[in-house]
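First the structure, in the form of structure tokens, and then the observations on it.
Each ligand, and each atom within it, is numbered from 1 in the order the structure gives.
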Amino acid sequence: MTKNSLNHIAIIMDGNGRWAESRSHARVWGHIRGSRVVSNIIEEADALGAKALTLYTFSTENWSRPVTEVTVLFKLLRKFLLIERKRVLQNNIQFKVMGDTSKLPEVTKQLISQLEVESADNTGLKLTFAFGYGGRDEIVKATNNFIKENPGKEITEELLESYLLLPELGNVDLMIRTGGDQRISNFLLWQSAYAELFFTETRWPDFTRSEFRKICESVSCRERRFGNICPSSLESSKSKAKENREIITNF
Ligand code: IPE
Ligand code: IPE
Ligand code: MG
């Protein structure tokens, strides 16, 4: 059986708060512990041969959280940029942030654009942090930009796609959510139209490279039909040509 290529993997890194609360710690402690997992998973995605890895780091809805929590998440982003910069560059990773970063501190914005520029010509894994990101927001902005640039022209799927934030990432092949909830929470709505979904009970701070690898292995064996029927059903349908004809005639 041929395996599916998982070119674009997207992860909803959820469960940090509950991980900390279940240990009688403040929720933010879960974010701190969760941030330690990120580089392992990036390395593993690279080792598995993924072309793109998109991590949900902060949603448009997360703005409603308490300021302390938002502040810790901002600080963790800055820390990642400072600590992981070298590793990103050494490993030929192309780093980008997609979403609205306007409310981030100036120094963090500078670190983002510095790493984006420094890694722009890298040809390895496309690593994207979705920050201040919402799937609906992305689609609405893409549509408005298209209308502004092409007044009166009818929009098509291909055209809309080209107006998304990072069209080069392509469709999501696998979307994983940790933390036990089974929803998409406004992540990559357009790009995940045919994504394979995998929900694990494991909370993000406990997520390991080996669980990640196992998920990828099991999903790469799933049959993806994209609305078609599988090759064996197609063969069996052909062998029943006479029956098919009779049904069509008499139906
Ligand atoms: C995910 O963990 C991280 C962010 C949303 C930034 P949560 O903070 O949502 O953790 P739970 O879901 O409350 O456990
Ligand atoms: C999704 O998790 C956002 C991120 C992981 C960044 P949430 O915890 O915010 O999602 P809901 O509120 O449970 O849907
Ligand atoms: Mg959550």
Side-chain angles (χ1 to χ4, degrees), residues 8-42 44-45 52-81 83-84 95-105 108-109 111-112 126-140 164-166 169 172 174-192 195-208 211-212 215:
H8 185 182
I9 301 174
I11 308 184
I12 303 174
M13 307 181 290
D14 195 30
N16 292 348
R18 280 164 289 159
W19 182 92
E21 279 163 355
S22 70
R23 287 161 177 78
S24 307
H25 285 303
R27 288 177 52 82
V28 291
W29 184 238
H31 296 314
I32 294 165
R33 289 299 292 265
S35 69
R36 296 188 194 163
V37 174
V38 175
S39 9
N40 290 339
I41 300 306
I42 296 169
E44 192 61 32
L53 175 69
T54 307
L55 300 175
Y56 208 3
T57 54
F58 194 84
S59 73
T60 43
E61 289 73 24
N62 289 148
W63 285 113
S64 61
R65 295 196 178 200
V67 180
T68 43
E69 196 165 330
V70 172
T71 309
V72 169
L73 291 166
F74 280 14
K75 285 197 169 181
L76 287 169
L77 174 61
R78 195 182 67 194
K79 253 190 146 173
F80 175 90
L81 294 162
I83 295 171
E84 298 296 328
F95 176 79
K96 285 191 180 158
V97 173
M98 73 170 171
D100 181 5
T101 55
S102 61
K103 290 189 190 128
L104 280 171
T108 313
K109 282 195 259 186
L111 287 169
I112 291 173
K126 289 183 194 309
L127 170 65
T128 307
F129 277 13
F131 187 96
Y133 173 86
R136 287 182 171 180
D137 181 56
E138 180 184 27
I139 294 168
V140 168
L164 293 177
L165 290 169
L166 294 175
L169 298 181
V172 172
L174 165 62
M175 183 181 284
I176 298 172
R177 181 178 188 133
T178 62
D181 289 323
Q182 303 195 359
R183 55 176 170 266
I184 308 266
S185 299
N186 206 10
F187 192 34
L188 298 170
L189 297 181
W190 180 277
Q191 300 86 335
S192 297
E196 293 297 323
L197 305 177
F198 196 102
F199 301 101
T200 169
E201 289 295 321
T202 308
R203 289 167 179 164
W204 179 253
D206 287 331
F207 196 57
T208 59
E211 181 173 0
F212 181 42
I215 292 171

message = Restricting to N/O/S atoms, is Asp181 within less than 2.8 Å of the Mg ion (ligand 3) or not?
response =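 It does not; every qualifying atom lies at 2.8 Å or beyond.
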Side chain [X], main chain [Y], donor-acceptor under 3.5 Å:
X	Y	result
Thr57	Ala130	yes
Arg23	Trp19	yes
Arg177	Asp14	no
Thr178	Arg203	no
Asn186	Arg136	yes
His31	Leu73	no
Trp204	Gly34	yes
Glu138	Leu165	yes
Asp100	Ser102	yes

Which protein non-hydrogen atom lies closest to [atom], naming both residue and atom, and how far is it?
atom	value
atom 14 (O) of ligand 2	Ser185 OG, 2.6 Å
atom 13 (O) of ligand 2	Arg183 NH2, 2.8 Å
atom 6 (C) of ligand 2	Tyr56 O, 3.4 Å
atom 10 (O) of ligand 1	Gly17 N, 2.9 Å
atom 1 (C) of ligand 1	Met13 O, 3.1 Å
atom 9 (O) of ligand 2	Asn62 ND2, 2.9 Å

Looking at ligand 1, is there an atom of it that comes within less than 4.0 Å of some heavy atom belonging to [X]?
X	answer
Arg203	no
Gly15	yes
Glu21	no

query = Is Arg65 touching ligand 1 with its side chain, its backbone, both, or neither, if touching means heavy atoms under 4.0 Å apart?
reply =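 The answer is the side chain of Arg65.
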message = Heavy atoms only, cut-off 4.0 Å: how does His31 contact ligand 1, side chain, backbone, both, or neither?
response =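 Just the side chain.
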ask   = Are any of the N/O atoms in Asp14 less than 3.5 Å from those in ligand 2?
value =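 N/O-N/O distance under 3.5 Å: yes.
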Subset of ligand 2 atoms that lie under 4.0 Å from at least one heavy atom of Ile12 =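 Answer, ordered by atom number: 1 (C), 5 (C).
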inquiry  = Would you say the ring centers of Phe95 and Phe129 fall short of 6.0 Å from each other?
reply    =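 So the answer is yes for these two rings.
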Name, closest N/O/S atom of Asp14 to the Mg ion (ligand 3) =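 Distance check against the Mg ion (ligand 3) picks out OD1 in Asp14.
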Which atoms from ligand 1 have a heavy atom of [X] less than 4.0 Å away?
X	value
Glu69	8 (O)
Thr57	6 (C)
Leu73	6 (C)
Arg18	11 (P), 12 (O), 14 (O)

message = I want to know if ligand 1 touches Phe58 in the polar sense, i.e. an N/O pair below 3.5 angstrom.
response =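 Among all N and O atoms of Phe58, none is under 3.5 Å from an N or O of ligand 1.
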inquiry  = side-chain contact (heavy atoms from CB on, under 4.5 Å), that's the test. Do Leu197 and Ile184 meet it? Break it down for me.
reply    = CA-CA 9 Å; Leu197 305 177; Ile184 308 266; 3.9 Å; yes
request  = Please round to the nearest 0.5 Å and tell me the distance separating atom CE of Met13 and atom OG of Ser35.
outcome  =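 The CE atom of Met13 sits 9.5 Å away from the OG atom of Ser35.
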